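Data block below; observations after.
Not measured: the values here are computed from a predicted model.
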Amino acid sequence: MNAVDLAETAAGLPAAWSSHRLGMVGAACVKVLRMDGRPVEEESHEAAEALLVLDGRLELEVGGLPVSVRAGELFMVPAGTAHTVRPGSRGTLVIVELPEG
């Protein structure tokens, strides 16, 4: 397998917040997406979720508290924790999560 240019992959996606699955690491799915400033509705997952901002900034609300994640930072959302993306999130995001179900 060849190296993947994450920024180029995210830029080539048909729509923002539409993730592209890069592959699996054990049971975990690794995805990349492009953030465009729009908010995303609240969600929670059965397992923890890792959010890595490659460029830009991710604005979250986690458990009712605002959280800003800058380029080069990783944020872990604990299992079962409600979180939402606030307006103003822009850039490239990598998500590592277990498939639901």
Side-chain angles (χ1 to χ4, degrees):
M1 177 168 182
N2 294 327
V4 176
D5 184 322
L6 297 172
E8 183 179 294
T9 301
L13 293 173
W17 298 109
S18 172
S19 63
H20 172 73
R21 186 173 125 179
L22 299 168
M24 302 293 289
V25 178
C29 182
V30 180
K31 303 186 294 187
V32 66
L33 61 82
R34 183 177 73 253
M35 304 178 284
D36 71 349
R38 291 180 294 148
V40 177
E41 292 184 17
E42 184 177 271
E43 61 184 14
S44 65
H45 308 282
E46 295 175 7
E49 178 180 42
L51 305 173
L52 172 63
V53 178
L54 296 181
D55 60 74
R57 183 182 218 89
L58 173 61
E59 299 293 341
L60 295 171
E61 185 172 307
V62 181
L65 300 172
V67 175
S68 291
V69 187
R70 297 175 298 181
E73 293 183 333
L74 173 74
F75 185 80
M76 298 292 296
V77 179
T81 302
H83 58 288
T84 186
V85 176
R86 297 182 295 146
S89 299
R90 295 187 180 280
T92 307
L93 179 66
V94 172
I95 300 173
V96 180
E97 65 183 1
L98 291 178
E100 296 284 322

Problem set entry | Those residues that, when tested against Arg38, pass salt bridge (Lys or Arg N to Asp or Glu O under 4.0 Å) (two or more places apart) | Asp36

Seminar exercise, completed: Heavy atoms of Asp5 and Glu8 approach each other most closely as OD1-N, 2.9 Å

Problem set entry | Sidechain-backbone polar pair: His45 side chain, Glu43 backbone, donor-acceptor under 3.5 Å | no

Exercise. Counting distance only, does the side-chain N/O of Asp55 pair as donor-acceptor with the main-chain N or O of Gly91 below 3.5 Å?
Worked result: no

Exercise. For the atom pair OG1 (Thr81) and CE (Met76), what is the distance rounded to the nearest 0.5 Å?
Worked result: 11.0 Å

Exercise. What closest approach, in Å, do Val53 and Gly56 show between heavy atoms, and which atom pair accounts for it?
Worked result: CG1-O, 3.7 Å

For this session: Compare every heavy atom of Ser68 with every heavy atom of Glu73, then report the nearest pair and how far apart it is.
Result: OE1-O, 4.1 Å

Exercise. Rounded to the nearest 0.5 Å, how far apart are CZ of Arg34 and CG of Leu93?
Worked result: 12.5 Å

Problem set entry | Side chain Ser44, main chain Gly80, donor-acceptor under 3.5 Å | no

For this session: Indicate if Val69 and Ile95 have the same hydrophobic cluster label, given that clusters are the connected sets of ILVMFWY residues with side-chain heavy-atom separations under 4.5 angstrom.
Result: yes

Side chains of residues 18-33: which donor-acceptor partners sit under 3.5 Å, not counting sequence neighbours?
unit_1, atom_1, unit_2, atom_2, d
Lys31, NZ, Glu97, OE2, 2.4

Problem set entry | Side-chain heavy atoms of Leu6 within contact of Val94, under 4.5 Å | yes

Exercise. Do Val4 and Leu52 belong together in a cluster built from hydrophobic side chains that touch within less than 4.5 Å?
Worked result: yes

For this session: Output yes when a side-chain donor or acceptor of Arg86 lies under 3.5 Å from a complementary backbone atom of Leu60, and no otherwise.
Result: yes

For this session: State, with a plain yes or no, whether a side-chain heavy atom of Leu58 is found less than 4.5 Å away from one of Met35.
Result: yes

For this session: Using the rule that two of Ile, Leu, Val, Met, Phe, Trp, Tyr join whenever any of their side-chain heavy atoms come within less than 4.5 Å, decide whether Val67 and Leu74 are in one cluster.
Result: no

